[in-house]
Each structure stands twice: as C-alpha cells, then as structure tokens.
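Remember, predicted model here, so these are calculated numbers, not experimental data. Only heavy atoms go into these numbers, but all of them, side chains included; no hydrogens, no water, no symmetry mates.
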Amino acid sequence: MTVQPTIERETLDAELRAQFETFLDEHRERLAAVLDGLTEQEARASLVPSRTTLLGLLKHGSFVEKVWFDAALTGRTRAEIGIPENPDESFVLAADDDIPTVRATYEQACAASRRATAHLSLDDPLPGHRLSPLPLRWAYLHVLRELAQHLGHAEILREQLLAKRAS
C-alpha cells in the first residue's frame, strides 16, 4: 500500500496552504482514478435513481472547479464560462462525453484552478461568489468537502460495478 500524500511527514510539517493543496490534489486525483479500467458503458451506468454516474461525477467535478476557481474568483457568469446554471445539470452526459474527454476536461479545469489561485493567499477574497466575497481558504474547504463527498459516492458506485462484473 502506498502512503497517501496527506499523511506523509512533508505534508504534516508544511504550511497550511500547502496542506490544503495536498488534500485537494489527492482528492482530485482519486476522483479521476475511479474511471480507471472501466468500459464506457460502466462509466455511464446508472445504478441509483438520480443522474449520478461515475462519468457524471467527474463531469460535475469540472463544474465545481470552474464555479469556485473561475466564477467566484473572476465574477464571470456560469454562462460566460460555459457551464450549467444548476449544479444538477452538470451531471448530465452528452452523447459525445466519454472517459478520455471528460477526464481531460477535468484535468484541465484542475490545472486552471491551480493557476488561478497560485498568486492568492488563503485570506484573499473571491469577490465573484454570489453569497459574498469569501476567502480562498473557505473555497478550498468547500471544494474539499465536495470532492470527498463525491469521491465516496464514486467509490460505492465503482464497487457495485466491479462486483457486477465479477458475478
């Protein structure tokens, strides 16, 4: 078993910002990895009554990155960014969505988030959020919560798919 970056000594001794970013990146990578080894059909499989699928969860991950590290930071509207107004719509898969394209979009969104926040301090406000200006640390915590929640969903769905495959 490999050591998780979030519990390595380097992270434990790091500044708070580095700790946040290590946790975020670990969860980002783990969410993208839930599609590893799956077929397109498995990635699109609907196992619950909602729109939640593994591919949809990763697509939603791109939405989350863009809401918090583009819209909230720049003040651009969701329409200007090219994302749905409603979070539920971000799970909807288009006919041309597949594992490589959704994963690439997600990785690009994560990279853009890193670039957009690189010059900020944890207390710098994100002036474009519709609730009010919120500090970067709050956005980091919120995105980490979103990633952890959806990663839990993804791991359960993946476990169901692999069990179905094995039977």
Side-chain angles (χ1 to χ4, degrees), residues 1-2 4-7 20-74 76-114 116-117 126 128-132 134 137-167:
M1 182 174 151
T2 60
Q4 295 175 336
T6 50
I7 60 172
F20 274 130
E21 291 172 349
T22 299
F23 271 80
L24 283 167
D25 283 341
E26 180 179 312
H27 283 67
R28 286 167 170 152
E29 290 170 18
R30 289 178 65 200
L31 184 60
V34 299
L35 297 175
D36 290 352
L38 297 181
T39 66
E40 293 294 334
Q41 183 179 1
E42 289 169 329
R44 287 176 163 274
S46 179
L47 303 172
V48 294
S50 70
R51 294 177 170 166
T52 306
T53 64
L54 287 174
L55 196 59
L57 282 167
L58 196 60
K59 188 171 183 178
H60 176 71
S62 296
F63 170 85
V64 169
E65 295 286 336
K66 291 174 183 181
V67 164
W68 286 101
F69 303 121
D70 188 338
L73 182 58
T74 67
R76 294 191 319 153
T77 66
R78 292 177 183 189
E80 289 171 319
I81 296 168
I83 58 174
E85 286 297 320
N86 180 322
D88 290 340
E89 294 169 11
S90 69
F91 289 89
V92 176
L93 298 173
D96 61 345
D97 284 333
D98 60 17
I99 293 170
T101 58
V102 171
R103 190 187 310 255
T105 299
Y106 179 66
E107 290 170 356
Q108 291 165 3
C110 293
S113 296
R114 287 184 203 96
T117 59
L126 303 182
H129 192 271
R130 54 186 167 198
L131 293 178
S132 68
L134 298 167
R137 69 180 145 65
W138 193 94
Y140 274 2
L141 286 168
H142 179 80
V143 171
L144 184 58
R145 179 180 67 184
E146 283 252 349
L147 289 169
Q149 178 182 6
H150 294 313
L151 183 57
H153 298 146
E155 289 172 343
I156 290 169
L157 293 175
R158 182 177 171 86
E159 183 178 334
Q160 290 177 319
L161 287 167
L162 294 178
K164 187 175 180 179
R165 183 194 287 176
S167 61

Separation of [Y] [atom2] from [X] [atom1] (nearest 0.5 Å):
X: L141; Y: E146; atom1: CG; atom2: CD; value: 12.5 Å
X: L147; Y: R30; atom1: CG; atom2: CZ; value: 10.5 Å
X: E107; Y: C110; atom1: CD; atom2: SG; value: 7.5 Å
X: L55; Y: T101; atom1: CG; atom2: OG1; value: 7.0 Å
X: L161; Y: I156; atom1: CG; atom2: CD1; value: 12.5 Å
X: H153; Y: L31; atom1: NE2; atom2: CG; value: 11.5 Å

What orientation do [X] and [Y] show, parallel under 30°, tilted 30 to 60°, or perpendicular over 60°?
X: H150; Y: F91; result: perpendicular
X: W68; Y: W138; result: tilted
X: H27; Y: F23; result: parallel

For a quick test of reading the model, state the closest non-hydrogen atom pair linking [X] to [Y] and the distance between them.
X: R165; Y: G37; answer: NH2-O, 3.1 Å
X: L35; Y: A43; answer: CD2-CB, 3.9 Å
X: F69; Y: A116; answer: O-CB, 3.6 Å
X: I99; Y: L38; answer: CD1-O, 3.5 Å

Test item: [X] side-chain N/O and [Y] main-chain N/O as donor-acceptor pair under 3.5 Å:
X: D97; Y: A94; value: yes
X: E80; Y: T77; value: yes
X: R76; Y: A71; value: no
X: S113; Y: A109; value: yes
X: R44; Y: D98; value: no
X: K59; Y: V92; value: yes

Could you check whether any side-chain heavy atom of [X] comes within less than 4.5 Å of a side-chain heavy atom of [Y], counting everything from C-beta outward?
X: E159; Y: E155; value: no
X: R78; Y: P87; value: yes
X: L58; Y: V34; value: no
X: S90; Y: E85; value: no

Answer yes when [X] and [Y] have at least one side-chain N-carboxylate O distance shorter than 4.0 Å, and no when they do not.
X: R51; Y: E89; value: no
X: D36; Y: R103; value: yes
X: E65; Y: R28; value: yes

Problem - Residues V67, I81; criterion side chain to side chain contact (heavy atoms under 4.5 Å, CB included); working and verdict - result: CA-CA 9 Å; V67 164; I81 296 168; over 6 Å; no
Practice task
Show your working on side chain to side chain contact (heavy atoms under 4.5 Å, CB included) between L157 and L57 and close with a plain yes or no.
Solution key: CA-CA 10 Å; L157 293 175; L57 282 167; 4.1 Å; yes
Handout entry: Candidate pair R158 and E42, rule side chain to side chain contact (heavy atoms under 4.5 Å, CB included), full reasoning
Key = CA-CA 9 Å; R158 182 177 171 86; E42 289 169 329; over 6 Å; no
Problem - More than 12 heavy atoms of other groups within 6.0 Å of Q149 CD - result: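 Yes, because the 6.0 Å sphere around CD of Q149 holds more than 12 heavy atoms from other groups.
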Practice task
Kindly check if the number of other-residue, nucleotide or ligand heavy atoms within 6.0 Å of CD (Q41) is above 12?
Solution key: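 Incorrect, the count does not exceed 12.
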